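Just so you know, these numbers use all the heavy atoms, side chains as well, and skip hydrogens, waters and symmetry mates. First the proteins, then the strands, lettered A, B, ... as listed; each starts at 1. If you're wondering where the values come from, they're calculated on a predicted model, not measured in any experiment.
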Amino acid sequence: MSHTYISDLKNYVGQPVTIKGWLYNKRSSGKIQFLQVRDGTGIVQGVLATNDVSPEIFQMCDRLSQESSVIITGLVREDQRAPGGYELTLTNVQLVHLAEPYPIALKEHGIGFLMEQRHLWLRSRKQVAVLKIRAEVIKAIRNFFDSRGFVLVDTPILTPAACEGTTTLFEVGYFDDKAYLTQSGQLYNEATAMALGKVYCFGPTFRAEKSKTRKHLTEFWMVEPEIAYAELDDVMNLAEEFVYTIIRQVLENRPEELKILERDTKPLEKIKLPFPRLSYHELAKLFKEWQHNFADGNDLGAPEETVIGEKFDQPLLVHRFPMKVKAFYMKADPANPEVALCVDVIAPEGYGEIIGGGQREDDLKRLEEKIKEHKLPRAAFEWYLDLRRYGSVPHGGFGLGVERTVAWLCGTEHIRECIPFPRMLYKIYP
RNA sequence: UCCCCGGUAGCUCAAUGGUGGAGCGAGCGGCUGUUAACCGCUAGGUUGUAGGUUCGAAUCCUACCCGGGGAGCCA
């Protein structure tokens, strides 16, 4: 049986249509009922009058519970009184399943309760809007790289050792051995970039750190481009064009969803290329001027990200951090070996670091020293060292966190709403 | 892992040492244009768990469990 989607109703004014969906809300005045039905593409109000349908159908509708699945048929009319501008004069309502009393009412709920009901919470308007924007961000990401000659290469989820050796990994059994869930595809991407030139990987990433903040998930999605023959400036240029392209595409294609989320789009509209760039030391000097208590030499923390969010209305590229606070594979700046050729992109409005990346160490000897300094198991990195033995070239790339980006664009308080089923510290249900 | 806050009806909350309530939701009834509709009635509770103080504990104390917020680390 063919049916129409609510998002297409504007093309059917004056015609009868059938909608298949779920009852979002209902109001009744005895002889007239208003059924609000959602189908994933939108919500439409159906008007049910005693004159238009049989008494059996009218009585059945009077008993409909929230989220009951229904198939409704009626004439499409334009009406200012209807939410959405269009409504259906119903001629038939078919009950598919009468829902049990629905736990999520159309009112305020606590976050703990909603997270327990995540599988049902996803049906509500704002959650649907967030998921559509997430899909748009992912589409923008893939389109950006695909249209620029990058090849999508999937890196492994199960890995034999820590990529960076610093953060805590999820350990899993691997036959008689141990394996770890990936925390980054970068090292493998360096290998594939030497094969294909420009590559990107896009997949889930796992961090077993006991982080408990609005910016952390234990399972999150990351896109990581890697480019052979690229230096830090190339990486920074790519990163800012990339972020800008995502913003423009979401503003262009998802205005309705941003509106549902009550996102003030002005701060997003005014983002322009190029983004401001500061070296770590320039930024440290600014912190001093602003009388912000910042220990020069440390990595940026949440308080610093908040200050940056207040002082800059554009994404900020911070480059050349001290080597000490960065991973072993970072290449030192020939002009000042104390700092790394790396870059973080800090989103405005306090959303923090959305990109981390830079140029990789391409010299065999220096990389061997760094592995020793960081006390990493050399044997696990022999293949990685091979990349510096056979045609080593300058190269670099970055990683962008999808949920942090979606949280920023949607203006959500917490990134847990930006992935369908978030995994967080001690939370894995549903 | 550390610091702070909380746990009372299905949900959101009130009751601050003296008879546990309201709104929403649910059930029943009313209403022909509702916008989180409205009006009336009904049901709904071992106050997170265990112990302690007290004539008397939702309320004070201790431990534990669970949740929320923040820090560090990171995307």
Please determine whether any donor N or O and acceptor N or O are separated by less than 3.5 Å between the side chain of [X] and the base of [N].
X: Gln33(A); N: U34(B); answer: no
X: Ser211(A); N: C74(B); answer: no
X: Glu87(A); N: G33(B); answer: yes

Ranking Asn51(A) and Lys210(A) by the position along RNA chain B of their nearest nucleotide, the one closer to 5' is Lys210(A)
Comparing nearest nucleotides in RNA chain B, the 5'-proximal residue of the pair Asp299(A), Gln36(A) is Gln36(A)
The side chain of [X] is closest to which nucleotide in this list: [options]?
X: Phe220(A); options: G72(B), G25(B), A75(B); answer: A75(B)
X: Thr213(A); options: A71(B), G33(B), C11(B); answer: A71(B)
X: Ala302(A); options: G72(B), U34(B), U32(B); answer: G72(B)
X: Arg207(A); options: G33(B), A71(B), A75(B); answer: A75(B)
X: Glu353(A); options: A36(B), A75(B), G68(B); answer: A75(B)
X: Ile32(A); options: G68(B), C11(B), U32(B); answer: U32(B)

Review point. Should the ring pair Phe321(A) and Tyr280(A) be called parallel, tilted or perpendicular, given that the plane angle runs from 0 to 90° and is split at 30 and 60?
Key: tilted
Parallel, tilted or perpendicular: which describes the rings of His292(A) and Phe294(A), with under 30° parallel and over 60° perpendicular? parallel
For [N] versus [M], give the span between their [atom1] atoms, rounded off to a whole number of Å.
N: G25(B); M: C11(B); atom1: P; answer: 15 Å
N: G45(B); M: G7(B); atom1: C1'; answer: 15 Å
N: U1(B); M: U8(B); atom1: C1'; answer: 32 Å
N: G44(B); M: A36(B); atom1: C1'; answer: 23 Å
N: C4(B); M: A75(B); atom1: C1'; answer: 27 Å
N: C39(B); M: C24(B); atom1: C1'; answer: 16 Å
N: A14(B); M: A22(B); atom1: C1'; answer: 7 Å
N: U19(B); M: A58(B); atom1: P; answer: 10 Å

[X] side chain N/O closer than 4.0 Å to the phosphate oxygens (OP1, OP2) of [N]?
X: Tyr429(A); N: C66(B); result: no
X: Arg416(A); N: G69(B); result: yes
X: Lys107(A); N: A36(B); result: no

Sequence neighbours excluded, the answer for ring pair (Phe, Tyr, Trp, His ring centres under 6.0 Å) partners of Phe242(A) is Phe144(A), Phe145(A), Phe398(A)
Note: Gly357(A) and Asp344(A) closest approach over all heavy atoms is N-OD1, 4.4 Å
On a heavy-atom basis, the closest approach of Arg263(A) and Leu268(A) is NH2-CD2, 3.6 Å
Just checking [X]: base, sugar-phosphate only, or nothing, at a heavy-atom cut-off of under 4.0 Å?
X: Glu305(A); answer: base
X: Leu400(A); answer: nothing
X: Leu217(A); answer: base
X: Gly110(A); answer: sugar-phosphate
X: Glu219(A); answer: nothing
X: Lys326(A); answer: nothing

Q. Can you list the steps and then say if Glu361(A) with Lys370(A) is a salt bridge (charged side-chain N to carboxylate O under 4.0 Å, His left out)?
A. CA-CA 9 Å; Glu361(A) 181 54 74; Lys370(A) 296 300 275 303; 5.6 Å; no
N/O-N/O pairs, protein side and nucleotides 26-31 of chain B side, under 3.5 Å:
from	atom 1	to	atom 2	distance (Å)
C31(B)	N3	Ser28(A)	O	3.4
C31(B)	N4	Ser28(A)	OG	3.4
C31(B)	N4	Gly30(A)	N	3.4

- Message: Please determine whether a side-chain nitrogen of the Lys or Arg among Glu403(A) and Arg134(A) lies less than 4.0 Å from a carboxylate oxygen of the Asp or Glu.
- Response: yes
query: Is the closest basic N to carboxylate O distance between Glu226(A) and Lys198(A) below 4.0 Å?
result: no
Between [N] ([atom2]) and [X] ([atom1]): distance, integer Å:
X: Leu300(A); N: A75(B); atom1: CG; atom2: C1'; answer: 14 Å
X: Phe34(A); N: G33(B); atom1: CZ; atom2: C1'; answer: 4 Å
X: Lys324(A); N: C74(B); atom1: NZ; atom2: C1'; answer: 19 Å
X: Lys26(A); N: A36(B); atom1: NZ; atom2: C1'; answer: 15 Å
X: Met424(A); N: C74(B); atom1: CE; atom2: C1'; answer: 17 Å
X: Gln117(A); N: G67(B); atom1: CD; atom2: P; answer: 15 Å
X: His216(A); N: G68(B); atom1: NE2; atom2: C1'; answer: 17 Å
X: Leu90(A); N: U32(B); atom1: CG; atom2: P; answer: 18 Å

* **Intermediate values then yes/no, ring-ring contact (aromatic ring centres under 6.0 Å, His included), Trp383(A) and Tyr188(A)** => CA-CA 10 Å; Trp383(A) 69 268; Tyr188(A) 292 98; 4.8 Å; yes
With a sphere of 6.0 Å drawn around NZ of Lys372(A), does it hold more than 12 non-hydrogen atoms of other residues, nucleotides or ligands?
no
Note to self: Heavy-atom count check: over 12 atoms from other residues, nucleotides or ligands less than 6.0 Å from Tyr5(A) OH?
What the structure shows: no
Dot-bracket assigned to RNA chain B with the 3.5 Å Watson-Crick/G-U criterion, [ ] for crossing and | for other-strand pairs, is (((((((..((((....[..)))).(((((.......))))).....(((((..]....))))))))))))....
* To do: Show your reasoning for whether side chain to side chain donor-acceptor pair (under 3.5 Å) applies to Tyr384(A) and Glu190(A).
  => CA-CA 8 Å; Tyr384(A) 187 64; Glu190(A) 292 185 47; 2.6 Å; yes
With a 3.5 Å cut-off and no angle check, do the side chains of Gln186(A) and Tyr329(A) form a donor-acceptor pair? yes
